[in-house]
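Beneath this line is the structure, given in structure tokens, with notes to follow.
Proteins get letters first, then strands, A, B, ... in listed order; numbering begins at 1 in each.
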Amino acid sequence: MADLTSHPDEIKVVSKRFGQGAAEIETYLKLDGYKAVQKALTMSSDDIINEVKASNLRGRGGAGFPTGMKWSFVPKDTTKAKYILVNGDESEPGTCKDRPILEHDPHAVIEGVIIAGLAVGAKIGFVYIRGEYRYLVDIMRKAIADAYAKGYLGKNIFGSGKDFDVRWHTGAGAYEVGEESALMESLEGKRGIPRIRPPFPAVVGLWGGPTVINNVETLASVPHIILMGGQKFADFGPPKNGGTRLFCLSGHINKPGVYELPLGYPLKKMIYDVGGGIPDGRKLKAVVPGGSSTFVLTAEEAEQMSMDFDSFGKRGEFLGSGGVVILDDQTCMVKFALRVMKFYQHESCGWCIPCREGTDWLKKTLTRFHNGGGLRKDIDNIKYLAQGILGRSFCPLGDAAAIPTISIVDKWRDEFEMHLEGRPCPFDPAAKITELPVVGAH
Amino acid sequence: MAPISEKLDQFFTEKMKEYPTKRGFLVPMLLYTQDELGYLSDGAIAHLARKTELTELEVRNVISYYSLLHTKPMGKYHVQVCTNISCMLRGGEEILDHCKSKLGIGHKQTTADGTFSLEEVECIGACSWAPAVQINYDFHENLTNEKIDKVLDQYRSKAKQ
Ligand SMILES: Cc1cc2nc3c(=O)[nH]c(=O)nc-3n(C[C@H](O)[C@H](O)[C@H](O)COP(=O)(O)O)c2cc1C
Ligand code: SF4
Ligand code: FES
């Protein structure tokens with residue numbers, strides 16, 4: 001069970017029921033549970049979508065796409081079955097916030113699914129939870145069964161004359177399955193190879209039917225938006241970046257934990273106030289702002305940043321998944337780049353050449369480099385290889401591998417130079433890298 | 001006789017009805033079958049292929065994609081050490097080395113008595129509670145060498161019961 005942490009600057013919306021036993025349906029009901037869906041049942045589908053649009057809620061899975069707009073893309077006049085698909089694959093390194101939601105407030109996710117269904121005219125929702133989270137699958141199974149027993153799911157929910165079903169599903173270990181089209185393949189019982197777009201899932205998704213795919217936290221925010229009104233949620237954050245979100249502080253930080261803070265919160269305060277600063281009197285070197293797929297920030301950049309989508313977007317960068325990883329001044333950036341690349345190389349599904357071959361060559365080059373076998377031309381080669389993937393891969397995983405790599409080479413070139421000509425790693429002369437074997441698609 | 005228990009088989013039959021195609025529930029079926037048998041045996045694969053009206057090759061194709069699925073027996077307790085970034089920054093690699101020497105096995109190896117197997121894994125969603133290890137489905141977090149020693153000892157005595 002994940003420990004809970006708290007800080008006075010937190011605004012608890014999505015996390016307000018954490019630690020209160022709300023996984024039990026009776027407790028959930030005492031804490032305003034299932035009120036939002038009853039309110040939504042009195043609203044038209046356009047009203048629901050407009051409320052979510054007014055909230056400025058943007059996808060919490062990483063890309064930050066406006067949720068209300070995504071829902072409005074689902075065609076109204078279709079005879080095909082429509083689906084809601086909850087993305088609970090949570091595997092982006094540094095990210096551990098869907099876990100407490102599923103653990104402490106599973107019914108909020110179910111409510112969010114039903115409301116999304118009412119908004120787009122879907123009658124079925126699937127909750128896909130990564131295979132490693134078995135205890136959360138069990139919590140979700142019980143929550144769904146309890147909701148059926150109360151008549152909140154199934155036929156004629158809340159006596160409204162409307163039907164809605166929610167199913168649980170689990171993965172079996174694969175980062176790439178978090179990518180929305182690969183997620184659909186996995187739910188259909190296949191390898192998680194992404195699909196080409198267009199058509200987008202909102203038009204052609206699961207089994208050919210229009211499908212809304214949203215992150216766990218996105219959908220868990222929706223009942224609160226319906227109850228408090230979109231505008232109030234929007235007002236927590238800066239313009240176009242509505243609400244609060246769960247930030248997962250990890251790495252070299254005194255008080256790691258998952259904290260719910262308004263969008264736009266200053267990263268500097270997040271590190272030094274909320275997170276209690278860097279341990280052992282060390283200094284900040286770098287910050288991974290939102291999972292390993294984002295551009296890595298230097299300490300100077302980090303101290304200027306506001307944690308909202310547009311502050312990053314303006315720089316051509318990404319806020320990402322909420323996984324804020326703090327690196328102190330004793331961290332070797334070459335080693336860090338290597339560990340990140342090992343991950344992407346391991347998780348590449350192998351479907352397209354830029355990602356499959358590019359991540360493999362980058363891993364090989366970075367391994368040699370970190371072990372002291374680097375040549376000066378390798379530094380440019382690493383960047384050249386990463387840029388060769390960027391924008392050329394079949395799905396965004398390739399970009400995700402390239403982005404941190406490019407930012408690390410650009411910003412910490414001096415550390416690469418320190419590793420040249422057989423010199424041992426300046427940060428750890430006894431450095432030993434544990435080799436992950438090449439498995440999977442290779 | 002089916003290679004999996006009747007109870008599990010019936011559970012699959014029921015769940016399969018929730019999907020518009022026969023193979024919809026395949027990935028969870030593979031994982032739950034592995035939980036019961038310890039691994040995905042030839043017999044189990046043939047059974048699930050028949051059940052989903054796929055060829056065995058199609059089922060094996062799916063299996064090879066997912067990192068949790070194994071076609072060979074693992075240890076009774078599968079020790080999965082995360083060394084991804086948040087764990088690495090807080091000593092995940094040291095935990096892995098410690099487990100290797102304590103168990104006397106390497107990555108993806110099993111102890112001679114079959115009690116433990118070891119695997120270095122990618123992020124398991126415990127980054128704010130790093131370094132973290134998952135043993136079968138149980139999370140062990142905020143670890144030190146001493147803490148993981150105790151945890152492994154507990155599993156070892158459980159195995160003897
Ligand atoms: C390689 C890759 C992995 C992803 N993993 C996840 C994930 O684990 N969870 C998630 O919600 N979104 C993940 N995404 C983003 C999804 O593709 C998708 O944008 C998201 O689920 C949409 O939901 P949202 O709009 O509510 O954020 C991933 C994307 C990529 C490219
Ligand atoms: S970018 Fe990587 S993960 Fe995505 S399709 Fe290509 S090989 Fe597969
Ligand atoms: S990096 Fe180890 S659990 Fe996320």
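- The candidate with the highest count of non-hydrogen atom pairs below 4.5 Å against chain B, out of K190(A), K97(A), E90(A), is K190(A).
- A side-chain donor-acceptor contact under 3.5 Å links E10(A) to the backbone of E260(A).
- Heavy atoms closer than 4.5 Å to chain B are found in both the backbone and the side chain of E132(A).
- Between the side chain of S407(A) and the backbone N or O of V296(A) there is at least one donor-acceptor pair closer than 3.5 Å.
- Heavy-atom distances place no part of N136(B) under 4.5 Å from chain A, backbone and side chain included.
- In summary, the side chains of K51(B) and T13(B) do present a donor paired with an acceptor at a separation below 3.5 Å, with no hydrogens or angles considered.
- The closest side-chain donor-acceptor pair between S293(A) and E92(A) falls under 3.5 angstrom.
- Ranked by heavy-atom pairs under 4.5 Å with chain A, the list P20(B), P28(B), S128(B) is led by S128(B).
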Please test H169(A) against Y19(B) for ring-ring contact (aromatic ring centres under 6.0 Å, His included), starting from the C-alpha separation and ending with a verdict. CA-CA 11 Å; H169(A) 193 97; Y19(B) 296 77; 5.6 Å; yes
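- Most heavy-atom pairs under 4.5 Å with chain B, from the set C248(A), G192(A), G251(A), G94(A): that is G192(A).
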Please assess H140(B) against Y155(B) for the test ring-ring contact (aromatic ring centres under 6.0 Å, His included), listing each intermediate value before the final yes or no. CA-CA 12 Å; H140(B) 301 277; Y155(B) 280 95; 5.7 Å; yes
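- Of the two parts of V137(A), only the side chain, counted from C-beta on, holds a non-hydrogen atom closer than 4.5 Å to a non-hydrogen atom of chain B.
- When each of F126(A), W168(A), Y133(A) is checked for heavy-atom pairs under 4.5 Å with chain B, W168(A) comes out on top.
- Donor-acceptor pairing under 3.5 Å is recorded for the side chains of R339(A) and T83(B).
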Decide side chain to side chain contact (heavy atoms under 4.5 Å, CB included) for I4(B) and Y32(B); before the verdict, give the C-alpha distance in whole Å, the side-chain angles of both, and the deciding distance to 0.1 Å. CA-CA 10 Å; I4(B) 59 173; Y32(B) 281 91; over 6 Å; no
Derivation of the side-chain hydrogen bond (donor to acceptor under 3.5 Å, both in side chains) call for R191(A) and Y65(B): CA-CA 6 Å; R191(A) 292 170 73 90; Y65(B) 181 86; over 6 Å; no
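- The part of K15(B) that comes within reach of chain A is its side chain, from C-beta onward, which places non-hydrogen atoms under 4.5 angstrom from that chain.
- Interface residue Q134(B): only side-chain heavy atoms are found under 4.5 Å from chain A.
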Output, in order, the C-alpha distance, side-chain angles, deciding distance and verdict of side-chain hydrogen bond (donor to acceptor under 3.5 Å, both in side chains) for R130(A) and Y175(A). CA-CA 9 Å; R130(A) 70 180 292 191; Y175(A) 167 65; over 6 Å; no
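- When heavy atoms are compared at a cutoff of 4.5 Å, V325(A) approaches chain B solely by way of its side chain, counted from C-beta outward.
- Both the backbone and the side chain of A126(B) come within less than 4.5 Å of a heavy atom of chain A.
- Interface residue I326(A): only backbone heavy atoms are found under 4.5 Å from chain B.
- No side-chain donor-acceptor contact under 3.5 Å links H252(A) and D280(A).
- Interface summary for chain B: among D165(A), V324(A), V177(A), I193(A), the most heavy-atom pairs under 4.5 angstrom belong to V177(A).
- Contact count against chain A (heavy-atom pairs under 4.5 Å) is highest for C127(B) among C127(B), C123(B), C87(B), A132(B).
- Heavy atoms closer than 4.5 Å to chain B are found nowhere in F247(A), neither backbone nor side chain.
- Contacts with chain B were tallied for S186(A), S91(A), G171(A); S186(A) has the most, counting heavy-atom pairs under 4.5 Å.
- Interface summary for chain B: among G257(A), S292(A), A172(A), the most heavy-atom pairs under 4.5 angstrom belong to A172(A).
- Interface check for chain A: of the options L30(B), T21(B), V27(B), the most heavy-atom pairs under 4.5 Å are formed by V27(B).
- Looking at N142(B), the atoms closer than 4.5 Å to chain A (heavy atoms on both sides) all sit in the side chain, from C-beta outward.
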Evaluate the criterion ring-ring contact (aromatic ring centres under 6.0 Å, His included) for residue pair H70(B) and Y39(B); output intermediate values, then yes/no. CA-CA 6 Å; H70(B) 307 288; Y39(B) 72 109; 9.8 Å; no
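- Contact count versus chain A (heavy atoms, under 4.5 Å) is highest, among D35(B), D138(B), I63(B), for D35(B).
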